[in-house]
Amino acid sequence: PPFDGSLQTTAFGGRTFDLGDDAGRQAYLDAVFVNWCDYLRAAIRQEDPDALVSASVFTFAAVGLERPGFFMGVTRRDRRIPARPLALLDSGIDFVDIHSYVWRDLDSTRDELWHLRRNMESVEFDALSAKAARLGKPIIVGETGVHNTYTNRPGLSIPDRVKLGADYLHNHVRALRETYGVAGMLFWTYGTKALPEHGLYYDLNRQPVVRDSFVDAWLGQTVRQGEP
């Protein structure tokens, strides 16, 4: 429950929601997430009145959903449903935090910019950015990075793979800054030398070419030529 078909309606916050269609389900989720954000923000502000509070969310496209309110009849492996950023702006959060990683088809038929556009469309970015601007709340990308899956190509040396990953990351970050106007972002990496089964990973500290591509893309500069 409540989305397993056992309930047709549910009550929350003094409202009754119809769970028989996608619109009702999305409205219910929006109400729950807004209440959750306000509750946690109030608790945090009680301890630290100056703390900035947000809720980090992945995109709908990241879990196989085209957009909010579009669940029924969709076949996908990842059953998670993210909070809707547009709805979170109805809460007291101080900024919006969206997660967006570099993604591309392994055969390169759809590149990182195509996937970024799909991810941003799935969180209603045009409406989101307009509403955030009216409220004076910035949008950041609290997680970004590039997975080694897309550069593990036969015949490529590790330095070549690192450079390829850095180029993908540069395109992704630059588009986030120039096309989508995000106010900032944080780079994440998965896998370390302590986890060798993860293979090649991308790290700002150990791979200067990745670090430079990330920084240069944010600053609007061209990619430097350097050692991986």
Side-chain angles (χ1 to χ4, degrees), residues 22 25-26 29-30 33 37 54-91 93 95-133 135 137-152 164-191 201-202 204 210 213-214 216-218 220:
D22 280 341
R25 293 183 177 195
Q26 186 63 58
L29 285 173
D30 292 347
F33 278 124
C37 285
S54 188
S56 304
V57 296
F58 47 86
T59 69
F60 283 77
V63 291
L65 294 171
E66 181 180 339
R67 60 182 183 276
F70 187 66
F71 317 122
M72 300 173 72
V74 178
T75 302
R76 57 196 180 99
R77 289 181 297 176
D78 194 328
R79 305 304 299 171
R80 295 176 298 166
I81 300 174
R84 183 185 192 181
L86 191 63
L88 294 184
L89 284 174
D90 293 329
S91 75
I93 63 169
F95 60 95
V96 178
D97 180 358
I98 298 171
H99 295 177
S100 175
Y101 284 85
V102 178
W103 193 274
R104 65 160 40 213
D105 293 355
L106 294 181
D107 62 4
S108 298
T109 53
R110 294 178 297 190
D111 65 12
E112 58 276 3
L113 297 183
W114 185 92
H115 283 283
L116 176 58
R117 182 171 62 252
R118 176 172 175 263
N119 274 284
M120 290 309 201
E121 288 174 350
S122 79
V123 294
E124 310 162 287
F125 193 82
D126 288 347
L128 176 67
S129 59
K131 186 173 181 179
L135 296 173
K137 296 184 177 184
I139 300 172
I140 73 163
V141 174
E143 284 190 26
T144 194
V146 57
H147 296 282
N148 60 38
T149 311
Y150 309 110
T151 57
N152 288 350
L164 197 60
D167 289 345
Y168 295 166
L169 179 66
H170 184 276
N171 294 338
H172 181 82
V173 171
R174 190 162 187 169
L176 283 169
R177 184 183 72 86
E178 294 182 353
T179 303
Y180 299 99
V182 301
M185 63 186 71
L186 298 173
F187 183 91
W188 280 56
T189 185
Y190 288 89
Y201 62 96
Y202 295 94
L204 298 187
V210 177
S213 287
F214 181 70
D216 291 348
W218 181 251

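Computed from a predicted structure; not experimentally measured.
Under a 3.5 Å cut-off, the side chain of Ser129 and the backbone N or O of Asp126 do form a donor-acceptor pair. Under the 3.5 Å distance criterion, the side-chain polar atoms of Ser54 are matched with a main-chain donor or acceptor of Phe95. Glu143 places no side-chain N or O within donor-acceptor distance of the main-chain N or O of His99, the cut-off being under 3.5 Å. A side-chain donor-acceptor contact under 3.5 Å links Arg177 to the backbone of Trp218. Put simply, the side chain of Ser213 never gets that close to the backbone of Val210: no donor and acceptor are under 3.5 Å apart. Checking side-chain atoms of Arg80 against main-chain N and O of Val63 turns up no donor-acceptor pair under 3.5 Å.
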Please step through side-chain contact (heavy atoms from CB on, under 4.5 Å) for the pair Phe125 and Ile139, ending with a clear verdict. CA-CA 10 Å; Phe125 193 82; Ile139 300 172; 4.1 Å; yes
Just do the side-chain contact (heavy atoms from CB on, under 4.5 Å) check on His172 and Ser100 with the steps written out, would you? CA-CA 9 Å; His172 181 82; Ser100 175; 3.3 Å; yes
side-chain contact (heavy atoms from CB on, under 4.5 Å) between Leu29 and Arg84, worked out: CA-CA 8 Å; Leu29 285 173; Arg84 183 185 192 181; over 6 Å; no
Verdict with supporting geometry, Tyr180 and Val141, side-chain contact (heavy atoms from CB on, under 4.5 Å): CA-CA 11 Å; Tyr180 299 99; Val141 174; over 6 Å; no
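Residues Thr109 and Trp114 are not in side-chain contact: their nearest non-hydrogen atoms beyond the backbone lie 4.5 Å or more apart. Between Glu121 and Arg67 there is no side-chain heavy-atom pair separated by less than 4.5 Å.
The nearest pair of heavy atoms linking Leu186 to Gly142 is CB-O, 3.4 Å. Contact detail for Gly69 and Asp22: the closest heavy-atom pair is O-CB, 3.2 Å. Residues Thr59 and Ser122 come closest through the heavy atom pair CB-OG, 3.6 Å. Of all heavy-atom pairs spanning Leu89 and Ala132, the tightest one is CD1-N, 3.6 Å.
Put simply, CG on Asp97 and CG on Leu88 are 10.5 Å apart, with the number rounded to the nearest 0.5 Å. With rounding to the nearest 0.5 angstrom, the CZ atom of Phe214 is 6.5 Å from the CG atom of Leu169. Atom CD1 of Ile81 is separated from atom CZ of Arg76 by 5.5 Å, given to the nearest 0.5 angstrom. Note that the CZ atom of Phe187 and the OG1 atom of Thr144 stand 7.5 Å from one another [nearest 0.5 Å]. From Leu86, atom CG reaches atom CG of Leu128 across 6.0 Å, with rounding to the nearest 0.5 Å. To the nearest 0.5 Å, atoms CG (Leu116) and CG (Leu176) are separated by 5.0 Å.
With respect to Lys131 and Asp90, a salt bridge is recorded, a charged nitrogen being found less than 4.0 Å from a carboxylate O.
Annotation: cation-pi pair Arg25/Phe71 absent, no NZ/CZ under 6.0 Å from the ring centroid and within 45° of its normal.
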